[in-house]
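Structure, as structure tokens:
Proteins get letters first, then strands, A, B, ... in listed order; numbering begins at 1 in each. As the structure is a prediction and not an experimental result, all values here were calculated from the model.
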There are 2 protein chains.
Amino acid sequence: MKLTDSTTESSILEAAKHVFVLKGFEGARMQEIADEAGINKALLHYYFRSKDKLFEAVFIDAFVKFVPTILITLNSNSPLFRKIEVFVDHYIEVLSKNPFIPGFILHELSHNSERLSKIIRTVGLNPDQFSEQVLAEINAGNINPIDPRELLVNILALCIFPFAGKPILKIVLFKNNEEEYAEFLNKRKHAAAQFIINSIKKR
Amino acid sequence: MKLTDSTTESSILEAAKHVFVLKGFEGARMQEIADEAGINKALLHYYFRSKDKLFEAVFIDAFVKFVPTILITLNSNSPLFRKIEVFVDHYIEVLSKNPFIPGFILHELSHNSERLSKIIRTVGLNPDQFSEQVLAEINAGNINPIDPRELLVNILALCIFPFAGKPILKIVLFKNNEEEYAEFLNKRKHAAAQFIINSIKKR
DNA sequence: GTCTATATCCAGATAGAC
DNA sequence: GTCTATCTGGATATAGAC
């Protein structure tokens with residue numbers, strides 16, 4: 001978009017992303033972002049007019065990076081079971097490297113749905129192709145009948161919830177042990193896919 | 001706890017709960033809580049010393065009301081399949097009446113895990129009895145092998161995610177139509193339980 | 001472009017009358 | 001207990017020198 005992709009601008013964006021994702025819009029402080037970017041507050045306002053604008057840039061970036069790929073993968077041409085395996089494995093892997101993104105997106109979306117919903121629509125998420133595929137498999141007698149939207153929500157829930165709910169799950173299941181939780185997530189790449197396929201597979 | 005359960009105190013708590021749950025700790029304003037309770041800011045500080053204290057009262061109340069019942073139900077004596085059906089139906093029903101609670105608890109827990117994790121431990125959540133039951137069913141050859149913790153997380157994920165992710169799901173799946181989403185959640189009480197049971201049931 | 005200094009605003013908290 | 005008025009700190013944002 002900009003030709004002058006100065007180091008400053010990108011380091012601001014990087015710092016802002018870090019702070020906003022961790023603290024949320026309301027909890028984030030411009031001072032902290034400035035510190036983390038190694039500059040001062042005034043420069044933040046020079047590059048981005050306001051906290052609002054800076055946040056919007058960060059949110060759009062995170063949203064576009066993490067959400068549409070969901071449907072791109074699910075709308076691909078792979079056979080259904082393989083698609084589910086690949087998706088779950090890939091998405092849990094990505095989220096393991098960005099564990100705070102789900103909570104960030106869900107929270108900000110809940111609290112600014114008016115302002116941010118236009119972003120969602122701009123991206124143009126469409127689950128129709130996935131739905132068609134599911135219905136075709138049902139008609140062919142390969143899987144048990146299920147509302148494709150239910151299946152889609154289930155897949156997303158099983159991937160995302162372990163991250164959004166990490167703080168409490170880690171305590172309840174693993175006495176707050178970080179390594180064990182990481183191992184749990186790793187096993188889950190396979191286990192969650194298997195759980196889904198087991199449920200819909202005709203036997 | 002207090003003998004003088006004045007109307008004022010309870011109306012403050014009610015207003016505070018409403019505002020905190022909707023806006024989060026950082027987003028909430030004492031002024032808004034005072035307005036909603038029909039009093040002024042000074043009285044808030046008279047009853048609860050600070051915003052922090054008021055928040056803690058609200059959070060504990062919400063947490064104790066919504067989280068431990070999860071495990072009480074799952075640790076009951078019902079047979080596994082019936083237990084899952086009852087739990088899913090009951091929990092989706094409860095959350096339908098308090099749709100913002102999941103996001104509230106998950107978000108605040110993520111951002112104050114140090115301060116709030118003692119609350120979690122105080123409540124004493126223990127999934128062991130549920131785990132035992134699952135393992136017993138596996139050994140008896142009634143269900144397919146599965147890590148009980150995976151199963152627990154899956155059940156919670158399928159119930160909670162549709163609420164935490166409501167803003168985006170409503171747009172992607174139903175073009176933002178509220179009634180259709182409510183109907184989706186209603187069908188889900190049965191569909192989600194069936195999805196789980198299908199997956200673990202030996203056939 | 002980058003800084004220091006400052007303006008402006010607003011939220012949490014307190015003082016003190018009633 | 002409840003109010004009005006006020007203090008105080010901190011956060012966003014701007015002015016203006018370099």
Side-chain angles (χ1 to χ4, degrees), chain A residues 1-62 104 107-108 111-112 114-116, chain B residues 1-62 104 107-108 111-112 114-116:
Chain A
M1 187 152 291
K2 287 228 185 73
L3 287 178
T4 55
D5 188 10
S6 62
T7 303
T8 306
E9 181 168 343
S10 50
S11 66
I12 289 177
L13 275 173
E14 202 174 337
K17 182 170 185 171
H18 185 228
V19 175
F20 276 131
V21 167
L22 229 59
K23 311 268 177 94
F25 176 79
E26 301 278 2
R29 296 289 164 256
M30 295 294 266
Q31 184 63 60
E32 191 179 351
I33 295 173
D35 290 348
E36 207 158 298
I39 54 162
N40 58 28
K41 283 188 292 176
L43 258 198
L44 292 183
H45 288 88
Y46 175 81
Y47 278 90
F48 303 82
R49 261 172 32 80
S50 65
K51 186 182 181 183
D52 267 64
K53 303 267 188 213
L54 179 54
F55 175 79
E56 197 154 316
V58 167
F59 183 85
I60 291 176
D61 187 60
F104 172 66
H107 180 256
E108 300 302 334
H111 293 71
N112 298 286
E114 335 75 49
R115 217 186 70 199
L116 299 176
Chain B
M1 184 153 291
K2 287 230 185 72
L3 289 178
T4 56
D5 188 9
S6 61
T7 302
T8 306
E9 182 169 343
S10 51
S11 68
I12 289 177
L13 275 173
E14 202 174 336
K17 183 169 185 172
H18 184 228
V19 175
F20 276 131
V21 167
L22 229 59
K23 310 267 177 94
F25 176 79
E26 301 278 1
R29 296 290 166 253
M30 296 293 267
Q31 184 63 59
E32 190 178 353
I33 295 173
D35 291 347
E36 208 158 298
I39 53 162
N40 58 28
K41 281 191 293 177
L43 259 198
L44 292 183
H45 288 89
Y46 175 80
Y47 278 90
F48 303 82
R49 262 173 32 81
S50 64
K51 185 182 181 182
D52 269 63
K53 303 268 189 211
L54 179 55
F55 175 80
E56 197 154 316
V58 166
F59 183 84
I60 291 176
D61 187 60
F104 172 66
H107 180 254
E108 299 303 334
H111 292 73
N112 298 287
E114 336 76 49
R115 217 186 71 199
L116 299 176

Among residues two or more places apart or on two chains, list those pairs meeting salt bridge (charged side-chain N to carboxylate O under 4.0 Å, His left out) that have a residue in residues 38-52 of chain B. B:D52-B:R115
Which nucleotide in the list D:dT12, C:dG12, C:dT2 gets nearest to the side chain of B:M30? C:dG12
Evaluation steps, side chain to side chain contact (heavy atoms under 4.5 Å, CB included), between A:V58 and A:D61: CA-CA 5 Å; A:V58 167; A:D61 187 60; 5.7 Å; no
Heavy atoms only, 4.0 Å cut-off, all strands: where does B:A28 land among base, sugar-phosphate and nothing? sugar-phosphate
If only side-chain N and O atoms of B:S50 are considered, is one of them under 4.0 Å from the OP1 or OP2 phosphate oxygen of C:dG12? no
Rounded to whole Å, please give me the gap between CZ in B:F25 and P in C:dG12. 8 Å
Starting from P on C:dG1, measure out to CD1 on A:I12 and report it in whole angstrom. 11 Å
Should B:T8 be listed as having a side-chain N or O under 4.0 Å from OP1 or OP2 of D:dT2? yes
Tell me whether the side-chain N/O atoms of B:H45 come closer than 4.0 Å to OP1 or OP2 in C:dT14. no
From B:S10 OG over to B:K17 NZ, what is the distance, rounded to the nearest 0.5 angstrom? 12.5 Å
Atom-pair distance (CZ on A:F20; C1' on D:dT12), nearest Å: 11 Å
Gap between atoms CG and P, on A:L44 and D:dT12 respectively (whole Å): 9 Å
Identify each atom pair where a protein N or O and an N or O of nucleotides 3-10 of chain C are less than 3.5 Å apart, giving names and distance.
unit_1: C:dC3; atom_1: O5'; unit_2: A:N40; atom_2: ND2; d: 3.2

Between CZ of A:F48 and C1' of C:dG1 the distance, given in whole Å, is 14 Å
Rounded to whole Å, how long is the line connecting atom NZ of A:K23 with atom C1' of D:dT12? 17 Å
If the plane angle is over 60° it's perpendicular, under 30° parallel, otherwise tilted; pick one for B:F55 and B:F20. perpendicular
Measure OH/A:Y46 against P/C:dT2 and give the value in whole Å, please. 8 Å
Given atom CD of A:Q31 and atom P of D:dG10, what is their separation to the nearest angstrom? 12 Å
As an exercise, state the distance from CG of B:N40 to CE of B:M30, rounded to the nearest 0.5 Å. 11.5 Å
For salt bridge (charged side-chain N to carboxylate O under 4.0 Å, His left out), just list the numbers for B:E26 and A:K23, CA-CA rounded to whole Å, side-chain angles, deciding distance to a tenth of an Å, and then say yes or no. CA-CA 10 Å; B:E26 301 278 1; A:K23 311 268 177 94; over 6 Å; no
Side chain to side chain contact (heavy atoms under 4.5 Å, CB included) between B:I33 and B:L44: does it pass, once the steps are laid out? CA-CA 8 Å; B:I33 295 173; B:L44 292 183; 4.1 Å; yes
